[in-house]
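Let me begin by presenting the structure, written as structure tokens, before commenting on it.
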Amino acid sequence: MIKRLTLVLLIFFSFIISAHAKINITTFNGITYVENATVQELEELYKKHKYQRFHALDDNAYPAIFLKTLPSDFGDIKSQKYRNELFIRILTPLALKINQELQNERNQLLQIEKSFNKNQTLNEFEAKRLDELAKKYDFFTRDEKLDRYKKQISNLKSRINIIPPSIFIAAAAMESNWGFSRVALKANSLYKEKVWFTNEGLEPLENANDGYRFRIFNSLIDSMRSFALKFNSDINYQPVWFAREAKASTKDPLLGESMAYTLANSSHLPNFAGILTYTTAFYDLYSLDLGHLKIGE
């Protein structure tokens with residue numbers, strides 16, 4: 001009896017401790033990583049970094065503050081306006097970070113293209129890296145050697161490119177109800193990504209017997225990376241790639257406005273393109289597309 005009572009008390013107190021876990025802030029290479037924050041604790045951190053709004057920042061520089069999850073009490077926010085604006089502030093640095101990663105991969109690809117145009121072949125390292133990128137972005141060709149290199153480079157140039165933060169955030173807002181959805185709060189899933197015929201993942205409350213679950217992500221940025229990979233590899237997004245490539249060739253900043261309507265068939269939500277355009281315009285999300293990360297000292 002005593003052992004059972006002790007076990008119950010241990011479980012109870014461990015629940016209390018986990019429910020009120022202390023904020024954990026670590027800094028590495030100028031980036032601030034945050035776990036277990038409450039809304040108030042996050043606002044205090046944002047105030048310290050002068051990040052109390054999501055646009056009209058000095059030099060469009062966004063502090064590199066990366067939240068692992070939404071604040072523990074995010075679901076308790078009553079004001080829709082405040083909730084939505086906080087959601088934007090949380091996701092913007094993450095979107096900018098992913099775009100840095102995408103740009104690095106694109107630069108690698110462009111360097112490989114430059115080498116190929118100069119030498120009319122690739123060395124072993126370049127060919128291997130090109131194959132890795134092709135595999136990652138789901139491009140396959142049976143061609144060999146020079147024809148293979150040409151097709152890989154040409155196709156990957158349309159796939160590997162940045163995604164405007166306005167698109168990242170507006171799509172996440174629509175799919176996750178601005179972070180209020182059960183899937184976002186319990187699975188860090190901002191885009192309702194599904195896994196099929198497995199016991200892993202978050203079981204849906206509806207259609208539980210349809211063979212899918214919602215994929216659980218370790219962090220918000222992992223969910224956004226997964227969305228970026230799908231965006232740049234799924235052939236259904238090809239019209240978006242073409243719109244993006246055409247805009248990129250003008251050397252002008254890549255804005256989500258230029259590709260919003262080409263996303264019409266990318267979601268199960270009705271009138272996705274129209275709502276996406278409205279959301280980005282209403283919250284002036286296009287201003288985020290001009291932003292860059294401000295790495296701390």
Side-chain angles (χ1 to χ4, degrees), residues 66 94-165 167-168 171-172 175 187-201 211-249 254 259 262-263 265-268:
F66 297 169
L94 303 179
L96 293 171
K97 171 59 176 173
I98 294 171
N99 275 338
Q100 282 187 346
E101 296 170 0
L102 289 171
Q103 189 60 57
N104 287 340
E105 284 189 331
R106 183 171 177 82
N107 289 342
Q108 291 176 19
L109 178 64
L110 294 178
Q111 188 60 41
I112 290 173
E113 180 187 38
K114 181 178 179 180
S115 176
F116 179 75
N117 289 339
K118 178 181 178 181
N119 303 314
Q120 291 303 300
T121 189
L122 296 178
N123 61 40
E124 183 179 351
F125 173 81
E126 292 167 335
K128 180 180 179 182
R129 182 56 180 151
L130 192 58
D131 276 339
E132 290 172 349
L133 291 172
K135 182 178 181 180
K136 177 178 179 179
Y137 289 95
D138 199 24
F139 176 70
F140 175 77
T141 177
R142 294 185 183 278
D143 290 323
E144 298 291 340
K145 298 298 182 181
L146 298 184
D147 288 338
R148 179 183 185 85
Y149 302 153
K150 288 178 183 178
K151 286 188 178 181
Q152 286 178 324
I153 291 170
S154 176
N155 195 281
L156 289 174
K157 279 180 66 177
S158 67
R159 297 179 185 235
I160 305 176
N161 208 335
I162 65 171
I163 301 170
I167 297 293
F168 262 122
E175 294 285 2
N188 292 321
S189 178
L190 299 170
Y191 306 94
K192 291 183 179 177
E193 186 171 332
K194 297 175 181 178
V195 289
W196 293 87
F197 309 114
T198 176
N199 291 326
E200 296 180 0
Y212 74 86
R213 294 193 175 200
F214 293 108
R215 183 177 173 187
I216 297 175
F217 291 92
N218 186 52
S219 64
L220 296 174
I221 198 169
D222 285 342
S223 175
M224 296 176 76
R225 280 197 185 101
S226 184
F227 172 77
L229 182 58
K230 180 180 179 181
F231 191 101
N232 284 340
S233 59
D234 190 330
I235 197 66
N236 291 318
Y237 286 90
Q238 192 173 51
V240 191
W241 305 341
F242 292 155
R244 178 175 59 183
E245 193 74 11
K247 187 66 177 178
S249 65
L254 184 61
M259 61 178 68
T262 58
L263 286 165
N265 297 320
S266 66
S267 173
H268 65 281

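- Here the side chains of Asn232 and Ile160 are not in contact, with every heavy-atom distance at 4.5 Å or above.
- Between Asp131 and Arg148, at least one side-chain nitrogen of the basic residue sits less than 4.0 Å from a carboxylate oxygen of the acidic one, meeting the salt-bridge criterion.
- Judged purely by atom type and a 3.5 angstrom limit, Arg244 uses its side chain to pair as donor or acceptor with the backbone of Ser158.
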Pair Ile221, Ile98 - check side-chain contact (heavy atoms from CB on, under 4.5 Å), show working. CA-CA 8 Å; Ile221 198 169; Ile98 294 171; 4.0 Å; yes
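- Note that CG of Asn99 is 10.5 Å distant from CG of Asn104, once rounded to the nearest 0.5 Å.
- Side-chain contact check for Leu229 versus Arg159: every heavy-atom pair is 4.5 Å or farther apart.
- Nearest heavy-atom pair across Lys157 and Arg106 is O-NH1, 2.8 Å.
- With rounding to the nearest 0.5 Å, the separation of CD in Gln238 from OG in Ser233 is 12.5 Å.
- Here Glu126 does not pair with Arg129 in a salt bridge; the nearest charged N to carboxylate O distance is not below 4.0 Å.
- In terms of the ring pair (Phe, Tyr, Trp, His ring centres under 6.0 Å) criterion, residue partners of Phe231 (sequence neighbours excluded) are, by chain and number, Phe227, Tyr237.
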Evaluate salt bridge (Lys or Arg N to Asp or Glu O under 4.0 Å) for Lys230 paired with Glu193, printing each intermediate quantity in order. CA-CA 10 Å; Lys230 180 180 179 181; Glu193 186 171 332; over 6 Å; no
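- In this structure, Glu200 CD and Ile216 CD1 are separated by 8.5 Å, a value rounded to the nearest 0.5 Å.
- Sorted pairs that involve residues 111-147 and meet ring pair (Phe, Tyr, Trp, His ring centres under 6.0 Å), not counting sequence neighbours, are lacking altogether.
- With rounding to the nearest 0.5 Å, the separation of CG in Leu156 from CG in Asp138 is 10.5 Å.
- Considering every non-hydrogen atom in both Asp234 and Trp241, the closest pair reads O-CZ2, 3.2 Å.
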Pair Ile162, Phe168 - check side-chain contact (heavy atoms from CB on, under 4.5 Å), show working. CA-CA 10 Å; Ile162 65 171; Phe168 262 122; over 6 Å; no
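- Heavy-atom neighbours of Glu124 CD from other residues, nucleotides or ligands within 6.0 Å: at or below the threshold of 12.
- The distance from atom OG of Ser223 to atom CG of Leu190, rounded to the nearest 0.5 Å, is 4.0 Å.
- Scanning all heavy atoms of the two residues, the minimum distance from Arg215 to Ser226 falls at NH1-OG, 3.3 Å.
- Closest non-hydrogen pair, Ala134 versus Gln152, comes out as CB-NE2, 3.7 Å.
- Note that CG of Leu130 and CG of Leu122 are 6.5 Å apart. Values are rounded to the nearest 0.5 Å.
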